[in-house]
Amino acid sequence: MIELKNIEKYYSSKGIKHYVLRHVTTTIKQGEFVSIMGPSGAGKSTLLNILGMLEEPTYGTYEFLGEDVTTLKERKRIELYRNHIGFVFQAYHLIDEMTVYENIEAPLLYKKVAGAERASRIADLLDRFNIVAKKDLFPNQLSGGQQQLVGIARALAAQPSIILADEPTGNLQSAQAEQIMELFKKLNVEEGITIVQVTHSEKNAQYGSRILNIADGVVKDDITVASV
Ligand code: ADP
Ligand code: ADP
């Protein structure tokens with residue numbers, strides 16, 4: 001599903017290149033659940049943002065579902081993103097002025113999904129995530145865990161092939177964090193949605209099937225998680 005070849009990312013200042021990622025070559029198959037781990041500043045978020053087409057590598061090739069993302073026209077890239085990628089953020093990034101319902105609906109409006117289909121998908125997500133009673137509330141009226149459920153519901157609304165999550169439980173207490181990880185596991189196992197998360201938590205990483213350890217912009221280890 002994803003093929004990265006020799007990805008590099010650097011920032012230039014005063015003629016000096018500061019490398020964030022170097023020689024990153026890896027493959028992610030449909031149905032995998034990958035955790036990207038490593039120290040702060042290692043390049044984890046940058047790698048996830050490249051996978052999510054939010055940042056461009058300075059060198060190397062990135063193929064997503066057989067398309068070479070690095071040479072795609074902007075419009076095609078946005079289309080690929082909207083049809084296949086659901087991004088989940090540590091700080092939720094919900095729109096404060098919109099209700100829970102409207103936040104989940106937003107990506108469906110972008111994709112011009114018809115009214116009846118929108119309503120049925122949103123009702124289904126509200127129901128599955130047990131947040132029907134919250135649908136007319138605003139994000140600041142919810143707990144962090146509930147806001148993240150809305151963030152995930154929004155990511156799922158467009159029926160993505162892959163969820164990319166940057167420290168999805170970084171702002172949550174452990175009970176809420178476990179609920180989110182259980183949900184990811186379920187989406188992965190039962191619906192075959194590919195998941196790639198950045199996490200500092202060994203415990204969170206154990207929910208997945210594979211750990212990519214990165215340090216100083218380089219992949220140090222690629223470990224298969226033993227299933228229990
Ligand atoms: P960013 O989201 O900007 O990439 P970091 O990855 O540096 O931020 O850190 C994300 C969160 O994880 C922060 O709340 C930070 O305090 C915490 N954190 C950073 N490094 C570690 C670590 N080694 N172990 C546990 N928590 C960490
Ligand atoms: P991590 O998620 O592992 O904490 P990041 O991918 O956020 O790491 O950042 C890796 C390195 O890239 C850091 O040293 C950071 O300061 C640097 N970096 C990230 N974005 C920029 C930018 N826009 N300009 C310059 N340096 C950046």
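When a ligand or atom number is given, it counts from 1 through the structure's own listing order.
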Query - Intermediate values then yes/no, salt bridge (Lys or Arg N to Asp or Glu O under 4.0 Å), E182 and K186 - result: CA-CA 6 Å; E182 291 290 350; K186 200 164 168 213; over 6 Å; no
**Report entry** Check: K17 and E8 side chains under 4.5 Å, non-hydrogen atoms
**Finding:**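 Result no, sub-4.5 Å side-chain heavy-atom pair not found.
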**Report entry** Min side-chain heavy-atom separation L48-F87 under 4.5 Å
**Finding:**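 Yes. Closest side-chain heavy atoms under 4.5 Å.
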Taking only heavy atoms of [X], which atoms of ligand 2 are found under 4.0 Å from at least one of them?
| X | answer |
| --- | --- |
| A42 | 1 (P), 3 (O), 8 (O) |
| P39 | 3 (O) |
| T46 | 5 (P), 6 (O), 9 (O) |
| S40 | 4 (O) |

Report task. Decide whether an N or O pair under 3.5 Å exists between G41 and ligand 2. Result ->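 Between G41 and ligand 2 (N or O atoms, distance only) the closest approach is under 3.5 Å.
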Query raised in the report: Which pair of heavy atoms, one from Q197 and one from S35, lies closest together, and at what distance?
Result: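 Closest heavy-atom pair between Q197 and S35: NE2-OG, 3.0 Å.
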Query - Ionic contact status for E167 with K44, cut-off 4.0 Å - result: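 No.
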